[in-house]
Amino acid sequence: MAKFYLTTAIDYANADPHLGQALEKIGADAIARYRRLRGDDVHFLMGMDEHSQSVVQAAEENQVPPQEWVDRMAVRFEEFYQRLECSHNDWIRTTEPRHRRAVEALLGGIREHNPDDLFIDTYEGLYCSGCEEFKQESQIADGRCTEHPTLDLVPKKEENHFFRLSRHGAELVRLIQSGEFQVEPAIRRNEIVRLLEDGLQDISISRSRFPWGIPFPGDPDHTVYVWFDALINYLSATGFPDAGYERLWPAQLHVIGKGITRFHCVVWPAMLRSAGLPLPRKVWAHGYVQWEGAKMSKTAGTAISLESALERHGPDSLRYFLLREVGFEADGNFTWERFDERYVADLADGLGNLASRSLAMLVKYREGVVSTTENTTSLDQAGLDALEQYATRMDVLDLRGGLEAAWSLVGRANQYIVETAPWTLAKEGRGAELDTALGTLARCLYRLALMVSPFMPGTAARLRDALGQDEASPAAWESGVAPPVEGSRTRRIQALFPKEQRAKTI
RNA sequence: GGCAGGGUAGCUCAGGUGGUGAGAGCGCAGCACUCAUAAUGCUGAGGUCGCGGGUUCGAGUCCCGCCCCUGCUACCA
């Protein structure tokens with residue numbers, strides 16, 4: 001059994017999760033479920049990033065101590081992700097002792113293997129006395145801090161611990177181009193390679209006067225810079241540095257958003273190399289969910305609440321829509337109109353109706369019992385083709401492509417029903433042909449349940465149940481070749497995607 | 001500004017190395033069917049392939065110029 005360790009980015013504990021974060025978790029979960037379906041020993045990690053400045057601010061605004069705040073947020077996030085049917089095996093939080101130990105150990109590893117990679121230098125920047133922090137260009141407007149436009153920004157120097165990132169650029173280019181360290185999709189890889197070729201600057205990895213963080217080993221006046229801290233979560237969750245962490249590390253896949261590729265494809269691998277540790281196999285940077293064609297923004301009031309998106313048509317439908325319409329590669333658009341259109345066309349009238357009509361005919365004409373018939377009709381062949389195409393796409397993390405393959409089979413199945421017209425066969429007493437048609441449809445639904453299961457676990461379970469499959473024995477990918485439905489007792493099914501719900505619009 | 005990727009039917013997009021009538025899905029219009037969530041199937045309407053030049057017997061498909069969009073441009077999650 002191949003080990004497959006995958007992670008998502010950990011979220012800041014400063015506000016409820018939004019649709020964009022949901023996309024990332026759903027996509028990663030579909031990958032995790034697909035790998036399990038293919039027989040891998042999957043370890044799927046999600047969690048919280050709890051040491052940032054924004055977390056402290058959020059805690060202050062809510063008038064609770066930071067730890068109490070992050071405890072509260074961690075519960076909220078995990079509840080949301082459970083409602084999204086995320087199947088993570090572990091949930092890491094950067095305020096946990098196991099994480100602190102790993103951060104200390106990783107820094108220790110760098111000290112041991114490449115002591116020159118750590119040094120003290122001065123960080124120079126524009127300091128806002130109102131915020132009590134250094135400001136980045138993006139936070140400055142007209143030479144003033146956007147939060148405190150009445151105050152002057154003052155140039156200030158601070159002694160910090162630095163990491164010699166510049167030393168690792170050339171080797172990272174080699175590792176990326178040789179494929180030893182994969183950055184996907186290609187557009188993100190190209191951006192990173194160019195960045196590396198232009199040369200890297202060393203980065204400061206500690207902050208003074210910021211107590212909410214992990215104390216810098218050997219220098220208690222400093223805390224570890226939040227990004228340096230956060231990246232290490234992927235390693236913390238393996239049990240590092242305790243013996244046995246190699247059972248999980250290196251990760252097969254880090255799933256992240258395109259906005260943080262630099263940290264994951266440059267800083268993180270450099271940290272690992274410096275500490276003498278192996279690199280993750282692959283980083284996948286997905287795009288963003290846009291709203292009406294524009295970036296979603298809470299301040300602009302265009303952020304859709306995850307709550308309302310979940311309530312619209314339920315978690316399976318949201319998962320389907322995001323991965324089919326928005327996709328997991330480039331940016332994609334979310335609108336209620338498209339969500340409703342896809343819900344009706346693809347789910348209710350597509351998969352849902354196909355299941356209804358097929359199962360209804362099995363019950364009506366054969367009391368639900370699937371006869372033994374040859375697994376060789378044109379629709380069986382289409383099913384095998386779809387499975388192959390599906391796997392080809394899914395193996396390269398083309399989730400939308402996987403769904404397209406499955407839905408092409410939905411279309412073929414509806415054509416098959418019209419071509420064979422089982423109602424006519426029943427009327428004319430052509431029993432053998434009727435058995436063949438109905439058996440073929442049962443196999444087709446079984447294959448669809450298989451392909452749909454990583455995306456819509458609840459729907460797949462209901463389909464399998466209606467097909468008389470025993471849930472105690474989980475479906476194996478290989479069973480799609482010759483679905484074990486013969487002799488099964490199938491049942492009529494309640495609408496998988498009822499349309500009445502659609503009236504309940506916002 | 002630099003680098004990268006795009007602008008093809010109302011919408012979302014396919015269209016390696018140029019070659020008979022430019023495609024898919026959704027939506028729309030007709031027809032058919034009745035097993036089904038008034039579902040499904042078939043047929044059809046719909047396109048200056050961003051703009052202007054050029055190469056070629058022949059260009060969404062190559063070259064030049066221009067217009068527009070998006071992403072990246074380092075210590076920000």
Side-chain angles (χ1 to χ4, degrees), chain A residues 9-15 21 49 51-55 123 125 134-139 160 162-163 165-166 169 185-205 207 225-228 230 257-263 266-267 285 287-288 290 293 295 324-327 330-333 335 337-338 341-342 344-365 400 404 407-408 410-411 413-427 437-438 441 492-502:
Chain A
I10 51 177
D11 297 317
Y12 279 118
N14 61 354
Q21 288 163 302
D49 184 359
H51 280 143
S52 81
Q53 180 78 48
S54 59
V55 170
Y123 178 85
F134 287 98
K135 288 293 164 183
Q136 308 310 318
E137 245 178 71
S138 59
Q139 301 169 288
N160 276 335
F162 274 70
F163 174 62
L165 185 64
S166 59
I187 183 170
R188 308 281 74 108
R189 177 169 62 246
N190 295 340
E191 286 173 4
I192 291 297
V193 167
R194 170 152 295 280
L195 173 79
L196 289 168
E197 286 173 346
D198 286 349
L200 300 172
Q201 278 179 20
D202 296 330
I203 55 170
S204 75
I205 59 167
R207 293 288 184 271
Y225 172 54
V226 64
W227 260 110
F228 203 84
K258 66 179 185 180
I260 55 177
T261 51
R262 201 162 53 234
F263 295 102
V266 177
V267 178
Y288 291 147
Q290 301 192 322
K295 189 173 277 186
R324 178 74 192 259
E325 178 87 2
V326 176
D331 291 354
N333 209 6
T335 67
E337 291 72 22
R338 288 296 291 163
E341 281 171 18
R342 284 246 184 233
V344 172
D346 296 359
L347 299 179
D349 295 350
L351 179 62
N353 185 238
L354 175 65
S356 286
R357 65 194 306 206
S358 304
L359 291 163
M361 286 190 284
L362 272 156
V363 170
K364 183 169 182 178
Y365 302 134
R400 175 187 273 161
E404 284 168 358
W407 255 259
S408 74
V410 172
N414 277 323
Q415 288 175 335
Y416 178 83
I417 291 176
V418 173
E419 285 164 15
T420 55
W423 48 91
T424 302
L425 300 176
K427 209 175 299 173
L438 297 179
L441 287 171
R492 273 179 173 274
I493 194 170
Q494 288 270 312
L496 288 171
F497 305 100
K499 287 194 196 173
E500 294 78 49
Q501 274 189 10
R502 196 162 62 99

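In the text below, chain A, chain B and the rest are named by the order of the sequence lines, each starting its count at 1. Side chains included, hydrogens not; waters and symmetry mates left out as well; all remaining heavy atoms used.
- RNA chain B is contacted by both A/A345 and A/A495; A/A345 maps to the nucleotide lying nearer its 5′ end (nearest heavy atom per residue).
- Taking 4.0 Å as the cut-off between side-chain N and carboxylate O, A/R338 and A/E341 count as a salt-bridged pair.
- If you check B/rU37, B/rU34, B/rA36 against the side chain of A/R357, the one that comes closest is B/rA36.
- Closest contact between the side chain of A/Q415 and the listed nucleotides B/rC35, B/rG41, B/rC26 involves B/rG41.
- As judged by a 4.0 angstrom heavy-atom cut-off over every strand, A/N190 is placed among residues making no nucleic acid contact.
- When all heavy atoms are compared, the tightest approach of A/Y288 to A/G259 is OH-N, 3.0 Å.
- Using a 4.0 Å cut-off between charged nitrogen and carboxylate oxygen, A/E191 and A/R188 count as a salt-bridge pair.
- Each of B/rA36, B/rC35, B/rU37 was ranked by its minimum atom distance to the side chain of A/N353; first place goes to B/rA36.
- Among the nucleotides B/rC75, B/rC35, B/rU40, the one closest to any side-chain atom of A/I417 is B/rC35.
- Under the 90° criterion around 0 for the glycosidic angle, B/rG60 counts as syn.
- Comparing A/V418 and A/R338 along RNA chain B, the residue whose closest nucleotide (by nearest heavy atom) sits nearer the 5' end is A/R338.
- Taking atom C1' in both B/rG23 and B/rG60, the straight-line distance is 12 Å, to the nearest Å.
- Nearest to the side-chain atoms of A/L200 among the listed nucleotides B/rA36, B/rC33, B/rA74 stands B/rA74.
- Distance from the side chain of A/K499 is smallest to B/rA39 among B/rG71, B/rA39, B/rC75.
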**Asked** Would you write out the dot-bracket form of RNA chain B, 5' to 3', with Watson-Crick and G-U pairs under 3.5 Å, [ ] for crossing pairs, | for pairs to other strands and . for unpaired bases?
**Response** (((((((..((((.....[...)))).(((((.......))))).....(((((..]....))))))))))))....
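- Side-chain proximity of A/R194 to B/rU40, B/rC3, B/rC35: nearest is B/rC3.
- Between A/K258 and B/rU70 there is no side-chain N or O to OP1 or OP2 distance below 4.0 Å.
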